[in-house]
Amino acid sequence: MKKALIVVDVQNDFCEGGALAVPAANSVIPYINLLMDENEYDQIVFTQDWHPKDHKSFASTNGKNVGETINLNGIPQFMWPDHCVQGTFGAEFHRDLNVSKATHIIQKGKNTEFDSYSGFQDNNHFMKTGLEDFLKYHDIQLVEIVGLALDYCVKYTCIDAVNAGFITCLHFNGTKAVNVKPENGRDAIYQMLESGVTVLG
Ligand code: VGL
Ligand code: ZN
């Protein structure tokens with residue numbers, strides 16, 4: 001059985017001091033490095049939030065305040081601070097993450113009009129990123145998922161992995177929530193369990 005590790009969005013803007021800092025984000029990095037050192041994965045895929053500077057998920061692009069929700073192409077869109085702008089320091093992987101272990105990188109959120117929490121597809125389910133094809137091409141049957149943020153990109157990546165037919169495991173010790181509302185991380189775990197994600201640790 002072939003296994004992949006998917007490392008979601010461990011980028012400077014989501015880490016301590018970043019534009020969209022996830023509380024205690026940096027604590028996932030040593031855990032993820034240890035997993036990668038076990039050398040038990042056939043593929044290690046990193047996802048990277050990679051937005052144009054005028055992305056429509058940014059409050060600034062729409063003249064809105066951070067925390068508001070707008071309608072974007074028919075679906076609700078939370079207004080984020082500018083983050084992970086292509087080519088900036090904030091979009092780079094954290095320097096403590098062992099990036100040399102990655103066998104493939106998926107960049108997402110590149111279309112100004114659509115946000116993309118999942119590593120598999122945008123939030124409107126309009127375009128796939130190529131992650132599913134990559135994993136299936138390499139005969140991956142099981143995926144383990146870690147990274148940031150539990151209640152956004154990790155959650156949607158896990159649920160799409162199940163729906164694409166992969167046995168899907170979340171490492172609870174390898175993820176942290178944004179918790180815009182304090183219960184968001186907990187609710188995300190329940191939604192993932194209901195969808196058929198196995199939660200480890
Ligand atoms: C993310 C909010 C906006 C994430 C990305 O990686 O969880 N969250 N863009
Ligand atoms: Zn984003």
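Reckoned from all heavy atoms, side chains included, excluding hydrogens, waters and symmetry mates. Order of listing sets the numbers, starting from 1, for every ligand and every atom in it.
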In the structure I gave you, are the side-chain heavy atoms of Val7 and Glu144 within less than 4.5 Å of one another anywhere?
no
Ligand 1 versus Phe78: contacting region, heavy-atom distance under 4.0 Å
neither
Of the backbone and side-chain N, O or S atoms of His51, does one lie nearer to the Zn ion (ligand 2) than 2.8 Å?
yes
Does Lys136 make a cation-pi contact with Phe166, if we ask for NZ or CZ under 6.0 Å from the ring centre and within 45° of the axis?
yes
Between Asn71 and Gly74, which heavy-atom pair has the shortest distance, and what is it?
OD1-N, 3.0 Å
Only N/O/S atoms count here: what is the atom of Asp49 closest to the Zn ion (ligand 2) called?
OD2
Would you please test His83 and Phe58 for ring pair (Phe, Tyr, Trp, His ring centres under 6.0 Å) and show each step?
CA-CA 8 Å; His83 65 277; Phe58 298 168; 5.2 Å; yes
Is the shortest side-chain heavy-atom distance between Val146 and Val8 below 4.5 Å?
no
Gln11 to ligand 1, any heavy atom closer than 4.0 Å
no
Among Asp49, Val10, Val178, which one has a heavy atom closest to atom 9 (N) of ligand 1?
Asp49
Identified side chain to side chain donor-acceptor pair (under 3.5 Å) counterpart of Lys3 within the set Glu40, Gln43, Gln141
Glu40
Check this for me - ligand 1, Asp115, N or O atoms closer than 3.5 angstrom, yes or no?
no
Which ligand 1 atoms are under 4.0 Å away from a heavy-atom of Tyr152?
7 (O), 8 (N)
Any N or O of Ala149 that comes nearer than 3.5 Å to an N or O of ligand 1?
yes
Does any N, O or S atom of His83, backbone or side chain, fall under 2.8 Å from the Zn ion (ligand 2)?
yes
Answer side chain, backbone, both or neither: which part of Asp151 comes under 4.0 Å from ligand 1, heavy atoms only.
neither
Note: ligand 1 atoms sitting under 4.0 Å from heavy atoms of Asp9 are 4 (C), 6 (O)
Report the C-alpha separation of Lys64 and Ile70 in whole Å, then their side-chain angles, then the decisive distance to 0.1 Å, and conclude whether the side-chain contact (heavy atoms from CB on, under 4.5 Å) test is met.
CA-CA 9 Å; Lys64 299 286 181 189; Ile70 66 162; 3.7 Å; yes
Identity and separation of the nearest protein heavy atom to atom 4 (C) of ligand 1
Cys153 SG, 2.7 Å
Indicate yes or no: does Asp9 engage Lys108 in a salt bridge with an N to O separation below 4.0 Å.
yes
